[in-house]
Amino acid sequence: MNISPKGGKKVKGVEITILCENLVGRMVGSGEHGFSAFIETDRGNYLFDTGNGHAIMSNSLLLDKDLRSIKKIFLSHGHKDHTGGLPEVLKLRGQVDVHAHLHIFLDRIGIHKQENKKEIRQFAGTIYKRRYLEFLGANFILNTDFCEVEKGIFLTGEVPRRTVFEKPDPGLFSEIEGKLTQDFIQDDQSLVLDTEKGLILILGCAHSGMINIINHVINKTGKEKFYAILGGTHLDFLTPDQLEESIKSLKKMKIEKIGVSHCTGIKAAARLHQEFGGRFLYGCVGSMLEV
Ligand SMILES: [Fe+2]
Ligand SMILES: [Fe+2]
């Protein structure tokens, strides 16, 4: 079903600044393993994800983005590199709506092998408890479905996993009552802005698969022209075959700019640059997209 308001008002005055990311671009700010984007629009300012907590405060000051001005916070999923900065933001902002899926509070573990085959186990979930975050001012609004969070701004909700080539990261687990099970990150959701130049899609880690997410957005909005796709693609953690299949699909789509970040990784980013040339951009700390 087409959920986008027909002829509804487009979001204008859009300026998206990467606040937290693995790499630093404009010789300003600090890199960290995480993602956060500050979104300015004619509707107000918003924050998509909060990084892992080390850099959001200093980067927002250095990049002159006032976290006190944000109207709403959107969380892509419950991994600590996206939710870790929430207390810092709440301490500054106070009471604010935080849109997310209920699973952001799941206990999660990442198990990855190093090059020397040594296994590394890490807690990967949201570090802070819901009650603490509420005490700091978070008013959680939980969603599972595609929804309009502001005129012309949408959250994808859960994304159906349809492509055969987009596989879940085998190193991610959730821990329920002491039992580890593979984690499909059902809560993974992305943000969509409907602008005059086309849709802007902002991904957190794209655990649902970048192509699944794009197809879901096309299905739900009835629109297939993307002005930009930004954010983490998780391609670094998956197989070279999946990357090539994803590129094949992306090339068939109407996408003007591909601006990847975070868990895309250097190799996958270089490969995307090779394919998309001038339409490719790397979204590092301080990168900006204006519409
Ligand atoms: Fe991530
Ligand atoms: Fe993640």
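Atoms within a ligand are numbered from 1 in the order they appear, just like the ligands themselves. Bear in mind the structure is a predicted one, so any value in this text is a computation, not a measurement. We number each residue from 1, following the sequence as shown. Heavy atoms only: backbone and side chains are in, while hydrogens, waters and symmetry mates are out.
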Is the Fe ion (ligand 2) under 2.8 Å from any N, O or S atom of Cys263?
no
Less than 4.0 Å between a side-chain N and a carboxylate O, is that true for Lys248 and Glu244?
no
Quick check: of its N, O or S atoms, which one does His79 have closest to the Fe ion (ligand 2)?
ND1
Would His262 count as a contact for the Fe ion (ligand 1), in the sense that one of its N, O or S atoms lies under 2.8 Å from it?
yes
State whether Lys65 and Glu15 are salt-bridged, where the test is any N-O pair (Lys NZ or Arg NE/NH1/NH2 against Asp/Glu carboxylate O) under 4.0 Å.
yes
Among the N/O/S atoms of Asp81, select the one at the shortest distance from the Fe ion (ligand 1) and name it.
OD2
Nearest-0.5 Å distance that lies between atom CE in Met210 and atom OG in Ser190:
10.0 Å
At the Fe ion (ligand 2): angle between His77 atom NE2 and Cys205 atom SG, to 10 degrees:
90°
Does the distance from a Lys or Arg side-chain N to an Asp or Glu carboxylate O, for Lys197 and Glu256, drop under 4.0 Å?
no
So, are Glu224 and Lys254 salt-bridged, with charged N and O less than 4.0 Å apart?
yes
